[in-house]
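One structure is given below, encoded as structure tokens.
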2 protein chains.
Amino acid sequence: MSLRHALLGLLHDGPASGYDLTKMFESRLERFAWHARHSQIYPELNKMAVDGLVEVIEEGPRGRRTYAITEVGRTDLHDWMMNPPADPQVRSEPLLRMFLLSTLDAEDARPLLRAHADSAAATIDWLRRETAEIPADPDETQLAQRILNEIGLRQNQAEYDWAMWAIAQLN
Amino acid sequence: MSLRHALLGLLHDGPASGYDLTKMFESRLERFAWHARHSQIYPELNKMAVDGLVEVIEEGPRGRRTYAITEVGRTDLHDWMMNPPADPQVRSEPLLRMFLLSTLDAEDARPLLRAHADSAAATIDWLRRETAEIPADPDETQLAQRILNEIGLRQNQAEYDWAMWAIAQLN
DNA sequence: TGAGGCATGTAAGAAGTTACATGATTTG
DNA sequence: CAAATCATGTAACTTCTTACATGCCTCA
């Protein structure tokens, strides 16, 4: 039920429509943590409303429905946050590819590692630009954003460093 | 089709049964890269055999069937390895939880970050022990293993450092 | 008035999970 | 001979992807 909790988590910051949440997934979660399309988000919001985790608080133009998290939703989110499973499950196609690197010879592995490094470097650039836009005297949301950007920066720096190191190992 | 390619990748190292591959997933892939259960692996191997990507090369006791990758399978794996998608999709529940940290107050966030750090530290310990077992003069497989352990070490070190830094930020 | 973005939806199929089910072989 | 492990499978269900489908609103 990670999708459900991702949505609750996003709604914790304030009410939003399915359309807004789809955009939030794209801009905030999809790159590092979770991925979902609108075709999964809209039905899930409807189910969550039936289950009382969210409620429609406004109907706008073009059939727009703005959802807000309910008290039940908050409790559910809090429980999920505070009880992580012992055996976390991860699915990362880029990392899987790296784990299967030994199936390639050095000539093929090198450009793949290079691409991996380039991709990490591009993400670092992007996160640095994002972070630079946060004012020196941030509010709580901006402070939280800074902490999140930091995990992305450190992770991608590790990926970059590793890829460069691995290229050196091939030689 | 990541499962398919994960299986082809594991079979690239040598023939194995569905049972062996299930164990390999548990010990090698599941923690960092991909996750699959035997109930998904066995049917997939059968489909892959129909598609000519793998073949049964031996039938052993208890109905054991040993699969080997075919030339078609090798080509398919190589294509997949060399053509990573532009927008990699990642799903990580632990990271999602960190991305939703701002839904908690500081008293709740602290132990969660602590647990995140502990988990990274435990993984680092485990990887260090694994790496120490690799002889000083490794063969090709062992060298590849060392490169993989290194990515895990660096990633988890980044996670650990970040979590400790984040705890400090809360104060 | 046309293009782009806003806004939501469904249907079919693929992928993945959980639970049930069975039996052989090895080892202490 | 009992327990652990080896070994494979299916059924029902949930989750996720891809493609199709529709129409409104805003701005240049």
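Numbers restart at 1 for each chain; the letters A, B, ... are given by sequence-line order, proteins then strands.
Considering only residues two or more places apart in sequence or on other chains, B:Arg65 meets the salt bridge (Lys or Arg N to Asp or Glu O under 4.0 Å) condition with none of them. Taking A:Thr70 as the reference, A:Glu55, A:Val72 meet the side chain to side chain contact (heavy atoms under 4.5 Å, CB included) condition, with sequence neighbours excluded.
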* To do: Kindly determine whether A:Asp51 and A:Arg4 satisfy salt bridge (Lys or Arg N to Asp or Glu O under 4.0 Å), including the steps that lead there.
  => CA-CA 11 Å; A:Asp51 293 345; A:Arg4 192 163 267 229; 2.9 Å; yes
For residues 163-171 of chain A, dump all side-chain donor-acceptor pairs below 3.5 Å to protein atoms at least two apart in sequence or in another chain.
| from | atom 1 | to | atom 2 | distance (Å) |
| --- | --- | --- | --- | --- |
| A:Asn171 | OD1 | A:Arg110 | NH1 | 2.4 |
| A:Asn171 | ND2 | A:Ile167 | O | 3.4 |

Under 3.5 Å, sequence neighbours excluded: what are the donor-acceptor pairs made by side chains of residues 77-84 of chain A?
| from | atom 1 | to | atom 2 | distance (Å) |
| --- | --- | --- | --- | --- |
| A:His78 | NE2 | B:Asp108 | OD2 | 2.7 |
| A:Asn83 | ND2 | A:Asp79 | O | 2.7 |

Quiz: residues 151-160 of chain A side-chain donor-acceptor pairs under 3.5 angstrom, not counting sequence neighbours:
| from | atom 1 | to | atom 2 | distance (Å) |
| --- | --- | --- | --- | --- |
| A:Arg154 | NE | A:Glu150 | OE2 | 2.9 |
| A:Arg154 | NH2 | A:Glu150 | OE2 | 3.3 |
| A:Gln155 | NE2 | B:Glu159 | OE2 | 2.5 |
| A:Asn156 | ND2 | A:Gly152 | O | 2.9 |
| A:Gln157 | NE2 | A:Asp161 | OD1 | 3.1 |
| A:Glu159 | OE1 | A:His116 | NE2 | 2.5 |
| A:Glu159 | OE2 | B:Gln155 | NE2 | 2.5 |

Per-pair distances, 0.1 Å, donor-acceptor, side chain in residues 131-140 of chain B, under 3.5 Å, sequence neighbours excluded:
| from | atom 1 | to | atom 2 | distance (Å) |
| --- | --- | --- | --- | --- |
| B:Thr131 | OG1 | B:Leu127 | O | 2.7 |
| B:Thr131 | OG1 | B:Asn149 | ND2 | 3.0 |
| B:Asp139 | OD1 | B:Thr141 | N | 3.1 |
| B:Asp139 | OD1 | B:Gln142 | N | 2.8 |

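Of all the residues in residues 81-91 of chain B, B:Gln89, B:Arg91 reach under 4.0 Å from DNA chain D with at least one non-hydrogen atom. DNA chain D is contacted by A:Ser39, A:Gln40 of residues 39-58 of chain A, taking any non-hydrogen atom closer than 4.0 Å.
If one axis is set at each end of the helix from C:dT1-D:dA28 to C:dG28-D:dC1 from five pairs, those axes are 30° apart, to 10°.
Note on residues 117-128 of chain A: pairs passing side chain to side chain donor-acceptor pair (under 3.5 Å), not counting sequence neighbours, are A:Arg31-A:Thr123.
B:His35 comes within contact range of the sugar-phosphate backbone alone, with a heavy-atom separation under 4.0 Å but no base atom that close.
Bounding nucleotides for the chain A contact on DNA chain D, 5' to 3', at a heavy-atom distance below 4.0 Å, are D:dT15 to D:dC25.
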I'd like a table of atom pairs between the protein and nucleotides 2-5 of chain C - only N or O on both sides, under 3.5 Å - with the distance next to each one.
| from | atom 1 | to | atom 2 | distance (Å) |
| --- | --- | --- | --- | --- |
| C:dG5 | N2 | A:Arg62 | NH1 | 3.1 |

